[in-house]
Amino acid sequence: QAQLVESGGGLVQAGGSLRLSCATSGRAFSTNVMGWFRQAPGKEREFVAAIRWSGTLTAYADSVKGRFTISRDNVKNTVYLQMNSLKPEDTAAYYCAATSRYLSTAGMYTDALYEYWGQGTQVTVSS
């Protein structure tokens, strides 16, 4: 069973930064896309960012463009989400996801297409 383990969440003031990490472990699987989603209390889970495991293609939600950066380390099998200029509305549980499917750019935004999920890490931004 492939496992995704997130870390790096916490409490930060508005305008601050956090870096989330997601490491893969367990049964080896061929990763094509890894992504980050988030879910705030009372809201549906939403796409944040995703990255192809090969090449340079990335995708971002409009709400985080210019503030968040997704990157990967293929040797460590880890994906990162650098979050700058955080806002109170960024407060949510952040989930790492991975898929062995080759997704189109549009598919990268769709949570149902990801097979593997982490347990989530809480990010709280105070005003």
Side-chain angles (χ1 to χ4, degrees):
Q1 181 76 15
Q3 290 184 328
L4 306 180
V5 180
E6 302 106 332
S7 61
L11 174 64
V12 64
Q13 288 188 334
S17 298
L18 284 173
R19 189 177 82 153
L20 306 183
S21 300
C22 174
T24 63
S25 64
R27 181 179 68 86
F29 64 98
S30 176
T31 303
N32 272 303
V33 177
M34 291 192 72
W36 289 96
F37 292 77
R38 66 187 183 187
Q39 187 167 22
K43 294 187 177 181
E44 292 188 354
R45 185 165 59 191
E46 65 175 3
F47 171 79
V48 176
I51 187 168
R52 286 254 177 89
W53 209 243
S54 61
T56 58
L57 184 65
T58 58
Y60 295 93
D62 287 344
S63 59
V64 307
K65 278 181 183 176
R67 300 187 298 122
F68 291 10
T69 302
I70 189 169
S71 61
R72 66 177 192 269
D73 183 327
N74 291 34
V75 174
K76 295 182 178 179
N77 289 325
T78 299
V79 66
Y80 304 97
L81 185 69
Q82 178 66 44
M83 305 185 295
N84 298 329
S85 302
L86 282 162
K87 304 175 181 179
E89 50 263 45
D90 294 318
T91 295
Y94 282 71
Y95 297 90
C96 176
T99 179
S100 57
R101 298 184 175 102
Y102 185 83
L103 300 181
S104 65
T105 304
M108 292 167 77
Y109 290 75
T110 305
D111 58 356
L113 298 179
Y114 291 80
E115 304 108 289
Y116 306 103
W117 290 84
Q119 80 288 352
T121 185
Q122 180 66 35
V123 171
T124 302
V125 184
S126 63
S127 56

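Numbers for residues simply follow the sequence, beginning at 1. Note that this is a predicted model, so its numbers are computed, not measured.
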Would you check if Gln82 and Ser71 make a side-chain contact, meaning some heavy-atom pair closer than 4.5 Å? no
Nearest atoms (heavy-atom pairs only) where Ser17 meets Asn84: OG-OD1, 2.9 Å
With no hydrogens and no angle check, is any side-chain donor or acceptor of Ser85 less than 3.5 Å from a backbone partner on Arg67? no
For Phe37, the other hydrophobic cluster members (4.5 Å side-chain criterion, sorted by chain and number) are Val33, Phe47, Leu57, Tyr95, Leu103, Met108, Tyr109, Leu113, Tyr114, Trp117
Candidate pair Asp111 and Glu46, rule side chain to side chain contact (heavy atoms under 4.5 Å, CB included), full reasoning: CA-CA 8 Å; Asp111 58 356; Glu46 65 175 3; over 6 Å; no
How many angstroms lie between atom CZ of Arg72 and atom OG1 of Thr24, to the nearest 0.5 angstrom? 13.0 Å
Using the side-chain contact (heavy atoms from CB on, under 4.5 Å) criterion, which residues pair with Ala14? Sequence neighbours excluded. Pro88, Val125
Side chain to side chain, Asp90 and Arg38, heavy atoms closer than 4.5 Å: yes
Group every Ile, Leu, Val, Met, Phe, Trp and Tyr by side-chain heavy-atom contacts under 4.5 Å, then state whether Val5 and Val79 land in the same group. no
Asn77 side chain near Trp53 side chain, heavy-atom distance below 4.5 Å: yes
Are Leu4 and Tyr80 co-members of a hydrophobic cluster defined by side-chain heavy atoms under 4.5 Å apart? no
Can you find a heavy atom in the side chain of Val12 that is under 4.5 Å from one in the side chain of Met83? no
I need the minimum non-hydrogen distance between Thr91 and Ala40, along with the two atoms involved. O-CB, 3.7 Å
Looking at Gln119, is its backbone amide N or carbonyl O close enough to the side chain of Glu6 to form a donor-acceptor pair, meaning the two atoms are under 3.5 Å apart? yes
Closer than 3.5 angstrom, by distance alone: can the side chain of Tyr60 be matched with the main-chain N or O of Ile70 as a donor-acceptor pair? yes
Is it the case that the side chain of Arg52 and the backbone of Tyr102 share a donor-acceptor pair, with hydrogens and angles ignored and the cut-off at 3.5 Å? no
Keeping to residues at least two apart or across chains, list the disulfide (SG to SG under 2.5 Å) pairs with something in residues 54-107. Cys22-Cys96
OG1 of Thr69 to CZ of Arg19: how many Å apart, nearest 0.5 Å? 11.5 Å
State, with a plain yes or no, whether a side-chain heavy atom of Leu86 is found less than 4.5 Å away from one of Phe68. yes
Any salt bridge linking Lys65 with Asp62? Criterion: basic side-chain nitrogen under 4.0 Å from a carboxylate oxygen. yes
Scan side-chain atoms only and decide if Ser126 and Gln13 contain a donor-acceptor pair under the 3.5 Å cut-off. no
Nearest heavy atoms of Thr99 and Arg101, plus distance in Å: OG1-N, 2.9 Å
Are Leu20 and Val123 packed together at the side-chain level, in the sense that at least one heavy-atom pair is separated by less than 4.5 angstrom? yes
Minimal non-hydrogen separation, Glu115 against Ser100, with atom names: OE2-OG, 2.8 Å
What one should report as the nearest heavy-atom pair of Ala49 and Leu81 is CB-CD1, 4.1 Å
